[in-house]
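Since the structure is predicted, the reported quantities are computational estimates derived from the model, not experimental observations. Residue numbers start from 1 in every chain, and the chains themselves are labelled A, B, ... in the order their sequence lines are given, proteins ahead of strands. Quick note: numbers below take in every heavy atom, side chains included, and nothing from hydrogens, waters or symmetry partners.
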Number of protein chains: 2
Amino acid sequence: MNSSKKRRLQRHGWAVADAAEFLNLTPREAQFVEVKLALAAGVRRMREQRGITQAALAERLGSSQSRVAKMEAADRSVTLDLIMRSLLAVGATPGDIAKLIRRVEPHRA
Amino acid sequence: MNSSKKRRLQRHGWAVADAAEFLNLTPREAQFVEVKLALAAGVRRMREQRGITQAALAERLGSSQSRVAKMEAADRSVTLDLIMRSLLAVGATPGDIAKLIRRVEPHRA
DNA sequence: TTGTTTTATGTCAGATTAGACATAAGGCCA
DNA sequence: TGGCCTTATGTCTAATCTGACATAAAACAA
């Protein structure tokens with residue numbers, strides 16, 4: 001991980017970690033973060049595919065553009081609830097969502 | 001839905017609805033609630049399968065028995081975040097979680 | 001370049017959820 | 001019946017998250 005991204009993440013409260021660094025977190029927490037990242041990335045991808053701006057999505061959600069930006073960045077201040085609502089708001093089906101989650105690497109037992 | 005359950009849900013702040021009644025909620029909100037219910041039910045099922053008590057799960061989560069009870073009831077005061085962490089805490093894999101979500105009925109477009 | 005649109009970041013007050021605790025209720029066994 | 005274990009419900013305060021706003025940065029045209 002490059003150090004500027006690292007600093008940015010740390011500013012937002014993440015225990016910065018990838019691959020080996022994930023050892024800072026418990027395996028379960030690391031997995032949780034991965035799920036969150038995967039779903040947030042799904043929101044961005046589907047939103048862009050549909051040509052919807054963050055502001056437009058925010059309006060559908062009754063939220064704000066800044067929050068959508070933070071959500072897509074999987075900022076610590078964003079709950080899975082908002083991410084899930086966003087997925088549904090961009091038209092993701094349960095099947096789409098399931099697919100995003102299934103791709104997350106299971107952690108070694 | 002029987003009326004006692006209905007009353008119980010209403011006490012907890014849910015706009016009570018199933019099938020036709022879901023028309024109270026926007027389709028997206030109804031879908032969100034269904035996802036939440038499905039995942040919460042998954043926690044209960046997997047926890048029971050493994051013979052773990054709510055108190056034991058709470059300890060793994062650094063939470064309390066009462067919160068786990070509310071979570072399994074998909075109480076309004078419980079976020080998807082806690083439900084997701086719980087699934088991982090009872091050993092659900094991303095595949096397991098994906099399966100729970102995929103079963104949710106997509107709402108008619 | 002300049003202007004326009006979109007996205008990113010920072011902050012805040014108000015709303016919501018958190019874990020904790022007490023206690024009721026249910027289930028089970030002797 | 002009486003204990004014992006487990007789950008359910010209600011209620012606190014502290015912690016966290018929310019939408020909103022301002023503004024910076026980036027992306028893209030003209």
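- Across the interface with DNA chain C, nearest-nucleotide mapping of Glu72(A) and Arg67(A) shows Glu72(A) to be the residue nearer the 5′ end.
- With contacts defined as side-chain heavy-atom distances shorter than 4.5 Å, the pair Ile97(A)/Val104(B) does not qualify.
- Proximity note for Ala69(B) (side chain, C-beta onward) versus dA18(C), dT9(D), dT18(D): the nearest is dT9(D).
- Counting any heavy atom pair closer than 4.0 Å across all strands shown, Ser64(B) reaches a base atom.
- For a distance-only test at 3.5 Å, the side chain of Lys70(B) fails to qualify as a donor-acceptor partner of the base of dG19(C).
- Proximity note for Gln65(B) (side chain, C-beta onward) versus dG19(C), dT18(D), dT7(D): the nearest is dT7(D).
- Inter-residue side-chain proximity for Phe32(B) and Lys36(B) is flagged as met; some heavy-atom pair is nearer than 4.5 Å.
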Below 3.5 Å, can you tabulate the donor-acceptor pairs from side chains in residues 81-89 of chain A to any protein atom, sequence neighbours excluded?
unit_1, atom_1, unit_2, atom_2, d
Asp81(A), OD1, Leu80(B), N, 2.7
Asp81(A), OD2, Leu80(B), N, 3.3
Ser86(A), OG, Leu82(A), O, 2.7

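- Nucleic acid contact for Val68(A): none, since no nucleic acid atom lies under 4.0 Å from a heavy atom of the residue.
- One can place CE of Met71(A) at 17 Å from C1' of dA20(D), the figure rounded to the nearest angstrom.
- For Leu80(B) and dA18(C), the CG to P distance is 11 Å, given to the nearest whole Å.
- Residue Ser66(B) places a side-chain atom within donor-acceptor reach of the base of dC21(C), judged by atom type and a 3.5 Å distance cut-off alone.
- The CZ atom of Arg76(A) sits 13 Å away from the C1' atom of dA15(D) (whole-angstrom rounding).
- Residue whose closest nucleotide on DNA chain D sits further toward the 5' end, between Asp81(B) and Arg44(B): Arg44(B).
- Over its length, the helix from dT1(C)-dA30(D) to dA30(C)-dT1(D) turns its helix axis by 50°, as judged from the five terminal pairs at each end, rounded to 10°.
- In the displayed structure, Gln65(A) atom CD is contacted under 6.0 Å by more than 12 heavy atoms of other residues, nucleotides or ligands.
- Considering only side-chain N and O atoms, Ser63(A) lies nowhere under 4.0 angstrom from the phosphate OP1 or OP2 of dT18(D).
- Atom CG in Leu61(A) sits roughly 12 Å away from atom C1' in dT18(D) (whole-Å rounding).
- Of the residues in residues 45-60 of chain A, not one places a heavy atom less than 4.0 Å from an atom of DNA chain D.
- Counted within 6.0 Å of CZ on Arg103(A), heavy atoms from surrounding residues, nucleotides or ligands total 12 or fewer; the atom is thus considered open.
- Within the 4.5 Å cutoff, no side-chain heavy atoms of Ser63(B) are placed close to those of Met71(B).
- Pro94(B) approaches Gln31(A) most closely through the heavy-atom pair CD-OE1, 4.0 Å.
- Within the model, atoms CD1 of Ile52(A) and CZ of Arg60(A) stand 3.5 Å from one another, a figure rounded to the nearest 0.5 Å.
- For the pair Glu72(A) and Arg67(A), the minimum side-chain heavy-atom distance is 4.5 Å or more.
- Atoms CG (Asp75(B)) and P (dT11(D)) sit 13 Å apart, rounded to a whole Å.
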